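Order of the sequence lines fixes the chain letters, A, B, ..., with proteins taken first and strands second; residue numbering starts at 1 for each chain. Just so it is clear, the structure is predicted and the values come from calculations on it, not from any experiment.
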Amino acid sequence: MDEKYFPAKIEEKWQQRWEESGAFEVEAGAAREKRFYCLEMLPYPSGFLHMGHVRNYSIGDALSWFRRLQGYNVLHPMGWDSFGQPAEQAAIKRGVMPREWTEQNIEHMRAQFKRMGFSFDWRREVAAHRPDYYKWDQWFFLRMLEKGLAYKKVSPVNWCPAEGTVLSNEQSSGGVCWRCGAAVEKRDIEQWFLRITDYAEQLLADMREIEAGWPERVLTMQRNWIGKSSGAYVDFQIKDTAERVRVFTTRVDTIYGANAVVVAPDHPVVERSPVREDVRRFAERVRAERAAAREPGAAEEKEGVNTGLMAVNPFSGDLIPVWAGNYVLTEYGTGAVMSVPAHDERDFEFAQKYSLPIRRVIERISYEQPPAERDPAVEDQSVAMHEAFTEYGILVSSGDWSGKLSEDAIREMGEFAESRGFGERAVTYRLRDWGVSRQRFWGAPIPVVYCDGCGVVPVPDGDLPVMLPERAEFTGAGESPLAGVPEFVNTTCPKCGAAARRETDTMDTFVDSSWYFFRYCDPKNDGAPFDGEKVAYWTPVDQYIGGVEHAVMHLLYTRFWTKFMRDIGLVSFNEPVKRLMTQGMVVAETFYREGEDAGSRVYFNPADVDVVRDDKGRIREATLISDGHPVSVGPFEKMSKSANNGVDPNEMIEAYGADATRLFVLFAAPVENDLRWQEAGINGAQNFLRRVYAFVRRWREALAGAPADVGAAGDFPAEARRLRHETHRTVERVTNDFEGLRYNTAVAAMMELLNALGDFKAEPPSASPAELFAVRESVEALVLMLAPFAPHLAEELWEALGHVGGLLRGGARWPAFDEALARKEEVEIAVQVNGKLRGRVNVPADASEEATREAALADERVRAWTEGKQVVKTVVVPGRLVNVVVK
RNA sequence: GCGAAAGUGGCGGAACUGGUAGACGCACCAGACUUAGGAUCUGGCGCCGCGAGGCGUGGGGGUUCGAGUCCCCCCUUUCGCACCA
């Protein structure tokens with residue numbers, strides 16, 4: 001053992017050993033109950049590891065080590081979400097082909113992962129861009145096509161007219177092209193969709209199965225995203241025409257209060273309007289305003305135009321006007337609503353603005369007096385209504401329905417509409433079908449062929465994969481670069497053999513990530529996406545770890561994909577992930593000064609900047625320490641691959657070692673909190689490791705002579721008993737903390753144990769067998785518990801303590817704790833007088849209530865406070881406190 | 001606007017089902033060892049007070065022998081949804 005702790009040396013040594021021994025390579029085997037699938041969201045191979053990655057994978061790696069040491073067969077794989085735009089951007093900017101660029105990045109990042117010492121089974125690596133992977137994307141697509149779950153429809157995309165190219169939502173944010181600033185248009189193109197809406201109900205209902213293991217917040221977001229809403233369609237006849245306008249409402253019970261039908265500005269019924277030119281101009285203006293709006297979807301002031309059309313309320317027979325309104329969305333429901341200002345906030349606002357009548361038809365249920373029936377002849381019954389009454393209640397002024405409760409009326413009126421043929425009860429969802437077409441090069445080609453004679457023809461399974469060409473023209477303009485590769489486009493029809501054209505759209509990269517973790521179970525299979533038995537052994541995933549930003553997209557898609565896989569017999573469960581943990585972001589304080597060149601900024605290392613904060617913790621002033629001059633201050637910025645201000649993990653590894661870096665990110669904050677990166681803290685982590693190292697080095701030789709079992713150790717003196725108690729208590733705490741991924745407190749507990757070891761009085765050369773036993777037991781437990789956080793050092797110390805074969809191959813086991821030893825022998829009891837802490841007494845842990853009370857009352861300080869007072873009562877909480885109430 | 005979560009020292013954060021608030025660490029202060037240290041070790045470290053003691057978990061009220069924890073009102077922050085009919 002070296003005199004000092006040299007992380008680089010130790011880490012290199014063990015990374016090599018792990019590689020040679022295949023320490024992290026696993027196969028299906030053992031009992032299913034003793035297997036554990038630990039999964040972290042796979043990264044996009046940008047080429048650089050950032051602290052967010054380090055955090056994400058340190059969390060999973062620690063859990064994997066913990067389970068392995070507990071004797072589980074642990075699958076902990078890694079792969080690459082390697083399709084997607086940045087590779088095409090690199091091609092446009094630097095002329096390097098996407099495949100080459102991606103492979104280089106993967107090489108680089110894999111090396112970085114290895115330097116971090118993450119315990120991945122690299123033989124199982126998958127990468128979305130490799131044909132042996134995307135072949136199965138295509139295979140799944142064909143299965144969906146067979147089941148009618150994949151279909152084509154015309155749908156609007158964001159289109160930059162200046163460049164003639166399709167943009168993603170992100171690229172067209174603010175309604176302008178991110179590159180040239182031209183106003184983005186909506187253009188209709190035919191695109192492929194997957195019918196996720198067929199699964200809307202299941203996606204909601206099956207949340208029951210994962211409620212216990214998923215963060216409430218994620219489930220809520222998914223629930224909102226799916227947006228189930230039960231109500232009814234009702235048809236309003238348009239007077240003097242054969243047309244009907246269908247509206248969707250959840251509150252059909254309020255229909256007698258409808259003062260208008262309001263349609264979206266581009267609703268087809270507008271064609272019938274005598275003032276359709278006005279409405280068209282209105283629609284145009286609304287569209288323009290939306291495009292110019294800074295935040296898309298932000299609420300605008302309600303506006304509308306009276307179309308001059310009249311509609312018949314099918315329940316009451318009332319004739320009401322048809323308006324076009326900017327607050328009615330084309331995309332939701334039927335693009336038309338009935339406006340009931342008395343009982344809907346938006347309609348109320350609209351009615352106020354245009355002075356439309358407000359008719360109250362729902363009253364709060366009152367048990368004292370029956371609701372007042374209002375005179376139906378009087379239009380404005382908004383007496384004392386300052387806002388809409390949106391609760392359920394009792395119907396009034398509603399013809400035969402008056403007197404009914406909202407709940408009953410909603411059901412019965414829906415049924416009534418159905419029986420009369422002017423409506424139906426219905427459930428709608430906000431969830432849309434999943435558009436998977438991308439007019440891009442770097443994605444899995446959609447495996448269909450267009451033939452003049454046969455139409456849309458699926459590529460036969462035997463012809464998969466439809467390979468991406470190696471090269472293409474990348475200009476950033478026009479349609480998918482694939483369309484410019486004749487060898488790709490021109491093919492023959494699989495059905496009739498005639499000349500045909502391939503689909504040039506590729507799939508959304510979320511397709512790749514919807515099922516990748518099944519492929520890890522059987523990554524080399526070339527006859528099927530995976531072997532059913534292998535997947536049955538490993539899945540569902542026991543613990544999934546990733547960022548909240550995937551709460552709806554990825555995590556909803558993968559649930560959908562799993563249900564589809566179940567329906568075609570590939571898996572036998574409903575939900576792919578039992579437990580989900582969403583870790584917080586790593587954020588960095590960045591400081592910059594505007595540079596010489598316009599728009600350029602000079603960044604400073606946060607460690608060199610002295611900060612003054614206000615009482616809210618916000619930065620008020622920052623001073624560059626090196627030269628004492630003030631610099632301007634930036635807000636906290638998210639450290640991410642797109643930000644060039646991140647902390648480079650390589651620098652951390654070089655300065656402190658991978659072990660200290662890992663330990664620190666897990667210790668610095670609870671895993672679900674955001675972590676503000678402050679380099680100052682990391683030396684604390686390194687210091688801890690150094691002290692563990694020094695302790696082992698000091699005791700190593702003496703411990704070799706420690707008795708092998710308790711029996712041989714003899715009697716334990718008080719101090720050794722105390723140490724054993726600390727050891728067992730710490731093992732208990734750390735073990736429990738692991739179950740809840742509470743790494744910060746687990747590390748704190750280990751630090752306490754080291755402090756206890758440091759306080760241990762005996763010196764190695766003169767320690768008694770019992771003392772040696774206690775120290776050895778403690779140190780070994782500490783080293784084992786350290787393995788998930790600092791695996792290199794743990795291996796090194798485990799070896800130094802005389803164990804051979806390494807932690808995993810050598811059969812080391814997570815320490816067990818003895819319940820009895822984990823309990824204290826003697827406890828400190830707080831003594832309160834009238835609820836105020838006045839003293840502390842020590843009593844045996846098993847002291848009776850009476851004995852505890854007596855000890856408390858006998859305490860000198862307590863007596864000073866109770867002297868001459870009457871003791872009204874005493875409350876004794878065994879093992880905790882005594883409260884003496886005096887008067 | 002609606003919904004959810006959260007407010008604890010200078011900072012990150014502990015505190016099991018109501019029971020000793022501030023574990024552990026960072027930063028800071030003092031001392032030791034050093035030619036030196038941004039290394040290491042020892043001690044201190046919520047606020048006020050010389051002290052006894054008092055105050056203290058965003059603010060206000062309540063329940064209780066006892067409240068960071070439970071209840072009510074308010075404030076602030078973060079996140080999500082944002083005209084979803």
Side-chain angles (χ1 to χ4, degrees), chain A residues 4 215-225 227-229 231 247-252 254 262 295-302 325-329 331-340 343-347 349-350 428-431 548 551-552 584 607 611-613 615-618 664 667-670 672-685 687-688 690-691 694 733 736 742 744-755 758 827-840 864 872-886:
Chain A
K4 280 174 69 184
E216 182 53 41
R217 163 161 102 114
V218 171
L219 294 175
T220 304
M221 280 165 76
Q222 292 207 356
R223 230 174 255 126
N224 292 342
W225 188 262
K228 180 179 179 172
S229 158
V247 307
F248 177 71
T249 177
T250 56
R251 293 297 303 273
V252 67
T254 66
V262 185
E295 293 165 62
E300 314 150 31
E301 197 187 339
K302 289 184 183 38
N326 65 345
Y327 72 102
V328 179
L329 306 172
E331 319 82 68
Y332 186 77
T334 58
V337 302
M338 63 180 199
S339 168
V340 186
H343 305 293
D344 181 283
E345 281 168 25
R346 295 150 300 179
D347 296 338
E349 204 185 311
F350 193 70
T428 60
Y429 298 91
R430 204 185 79 118
L431 183 69
V548 241
V552 278
V611 168
V612 181
R613 290 170 200 278
D615 52 2
K616 291 259 158 51
R618 283 182 290 245
F664 178 63
F667 172 63
E672 60 276 355
N673 286 19
D674 281 353
L675 169 61
R676 246 185 239 171
W677 185 262
Q678 283 171 316
E679 200 181 322
I682 196 171
N683 56 32
N687 200 27
F688 169 64
R690 229 185 252 138
R691 289 173 59 214
R733 286 170 70 190
N736 290 338
R742 290 181 297 269
N744 56 327
T745 48
V747 174
M750 287 159 49
M751 287 171 166
E752 284 181 66
L753 181 57
L754 179 65
N755 290 343
V827 288
E828 194 182 64
I829 299 285
V831 187
Q832 300 180 332
V833 178
N834 285 349
K836 287 208 185 296
L837 183 71
R838 295 303 182 194
R840 296 190 166 102
V872 180
K873 75 174 185 181
T874 54
V875 181
V876 180
V877 183
R880 294 224 159 237
L881 64 58
V882 174
N883 190 10
V884 185
V885 186
V886 298

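- When heavy atoms are screened at a 4.0 angstrom cut-off, A:Gln832 is found touching base atoms of the nucleic acid.
- Looking at the side chain of A:Lys302, the nearest of the listed nucleotides B:rU20, B:rC83, B:rA14 is B:rC83.
- Atom CD of residue A:Glu216 and atom CE of residue A:Met221 lie 12.5 Å apart, to the nearest 0.5 angstrom.
- Atom-to-atom, CD of A:Gln222 to P of B:rG80 comes out at 15 Å; the value is rounded to the nearest Å.
- Ring pair A:Phe664/A:Trp677: centre-to-centre distance below 6.0 Å.
- Backbone-only contact: A:Gly684 has heavy atoms under 4.0 Å from sugar-phosphate atoms and none from a base.
- Side-chain atoms of A:Asp347 come within 3.5 Å of backbone atoms of A:Val340 as a donor-acceptor pair (strictly under, hydrogens ignored).
- With both ends at atom C1', the span from B:rG10 to B:rU64 equals 35 Å, rounded to whole Å.
- Between the CZ atom of A:Phe350 and the C1' atom of B:rA85 there is a distance of 13 Å, given to the nearest Å.
- B:rG60 and B:rA5 have their P atoms separated by 24 Å, with the value rounded to a whole Å.
- Considering only side-chain atoms of A:Ser229, the nucleotide from B:rA85, B:rU20, B:rG12 that sits closest is B:rA85.
- What separates CD of A:Glu752 from P of B:rA15 is a distance of 11 Å, to the nearest Å.
- Here the C1' atom of nucleotide B:rC81 and the CG atom of A:Asn224 are 6 Å apart, to the nearest Å.
- Between B:rU40 and A:Asn687, a contact under 4.0 Å exists linking OP1 or OP2 to a side-chain N or O.
- Counting only distance, with no hydrogens or angles, the side chain of A:Asn326 and the backbone of A:Glu301 share a donor-acceptor pair below 3.5 Å.
- Taking every side-chain heavy atom of A:Tyr332 into account, B:rA85 is the closest of B:rG19, B:rG80, B:rA85.
- Counting only heavy atoms from C-beta on, A:Asn683 has its side chain closest to B:rC26 among B:rG13, B:rA85, B:rC26.
- Here A:Val885 lies in heavy-atom contact (under 4.0 Å) with sugar-phosphate atoms only.
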Under the rule of Watson-Crick or G-U wobble with both distances under 3.5 Å, where | means paired to another strand and [ ] a crossing pair, RNA chain B maps to (((((((..(((......[....))).(((((.......))))).(((....)))..(((((..]....))))))))))))....
Kindly indicate, with the supporting measurements, whether the criterion side chain to side chain contact (heavy atoms under 4.5 Å, CB included) is fulfilled by A:Arg733 and A:Glu752. CA-CA 11 Å; A:Arg733 286 170 70 190; A:Glu752 284 181 66; 3.3 Å; yes
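- As judged by a 4.0 angstrom heavy-atom cut-off over every strand, A:Phe667 is placed among the base-contacting residues.
- One atom, CZ of A:Phe688, and another, P of B:rC26, lie 12 Å apart when rounded to the nearest Å.
- When atom types are taken as modelled, the side chain of A:Asn834 and the backbone of A:Val886 share a donor-acceptor pair closer than 3.5 angstrom.
- Using a 4.0 Å heavy-atom cutoff across all strands shown, A:Arg733 reaches no nucleic acid atom at all.
- Distances were taken from every side-chain heavy atom of A:Arg840 (C-beta onward) to each of B:rG80, B:rG13, B:rU20; the shortest belongs to B:rU20.
- B:rG68 and B:rU8 have their C1' atoms separated by 7 Å, with the value rounded to a whole Å.
- Rounded to whole Å, the separation between the C1' atoms of B:rC11 and B:rC81 comes to 33 Å.
- Only the P atoms considered, B:rG56 is 38 Å distant from B:rC41, to the nearest whole Å.
- When distances run from any side-chain atom of A:Asn755 to the nucleotides B:rG25, B:rC83, B:rG19, the shortest one goes to B:rG25.
- Of the candidate nucleotides B:rC83, B:rG25, B:rU20, B:rC83 has the atom lying nearest to any side-chain atom of A:Leu329.
- Using a distance-only test at 3.5 Å, with no hydrogens or angles considered, no donor-acceptor pair links the side chain of A:Glu828 to the main chain of A:Arg840.
- Between A:Asn744 and the phosphate of B:rG25, there is no side-chain N or O to OP1/OP2 separation shorter than 4.0 Å.
- Relative to the six-membered ring of A:Phe350, A:Lys302 misses at least one condition, a distance below 6.0 Å or an angle of at most 45° to the axis.
- Nearer the 5' end of RNA chain B, as judged by each residue's closest nucleotide, is the contact made by A:Asn673, out of A:Asn673 and A:Leu837.
- Nucleotide B:rG25 holds its P atom 9 Å from the CG atom of A:Leu754, rounded to whole Å.
- B:rG51 and B:rA32 are spaced 31 Å apart, taking the C1' atom of each and rounding to whole Å.
- Of the P atoms belonging to B:rU78 and B:rG25, the separation is 32 Å, rounded to the nearest Å.
- The distance from atom CZ of A:Arg742 to atom C1' of B:rA23 is 15 Å, rounded to the nearest whole Å.
- Note that the CE atom of A:Met751 and the CG atom of A:Leu754 stand 9.0 Å from one another [nearest 0.5 Å].
- A donor-acceptor contact under 3.5 Å links the side chain of A:Asn883 to the base of B:rC65.
- Of the candidates B:rA23, B:rU40, B:rG19, B:rG19 carries the atom nearest the A:Leu881 side chain, counting heavy atoms from C-beta on.
- As a whole-Å value, the separation of A:Lys873 NZ from B:rG66 P is 9 Å.
- Using atom P as the reference point in both B:rG38 and B:rG49, the two lie 31 Å apart (nearest Å).
- Checking B:rA27, B:rU40, B:rG13 against the side-chain heavy atoms of A:Ala669 singles out B:rG13 as nearest.
- OP1 or OP2 of B:rG54 lies within a sub-4.0 Å distance of a side-chain N or O belonging to A:Arg838.
- Among the heavy atoms of the strands lying under 4.0 Å from A:Val328 is at least one base atom, whether or not backbone atoms are also near.
- From A:Arg251, atom CZ reaches atom CG of A:Asp344 across 9.0 Å, with rounding to the nearest 0.5 Å.
- Remark: A:Lys836 is in phosphate contact with B:rC55, judged by side-chain N or O atoms under 4.0 Å from OP1 or OP2.
- Among the atoms of the strands shown, only primed sugar atoms or phosphate atoms (P, OP1, OP2) are found under 4.0 Å from some heavy atom of A:Arg217.
- Residues A:Thr249 and A:Met338 form a side-chain contact, since some pair of their non-hydrogen atoms from C-beta on lies under 4.5 Å apart.
- Closest-nucleotide positions on RNA chain B for A:Arg690 and A:Glu345 were compared, and the one nearer the 5' end corresponds to A:Glu345.
- Counting non-hydrogen atoms under 4.0 angstrom, A:Glu828 reaches a base of the nucleic acid.
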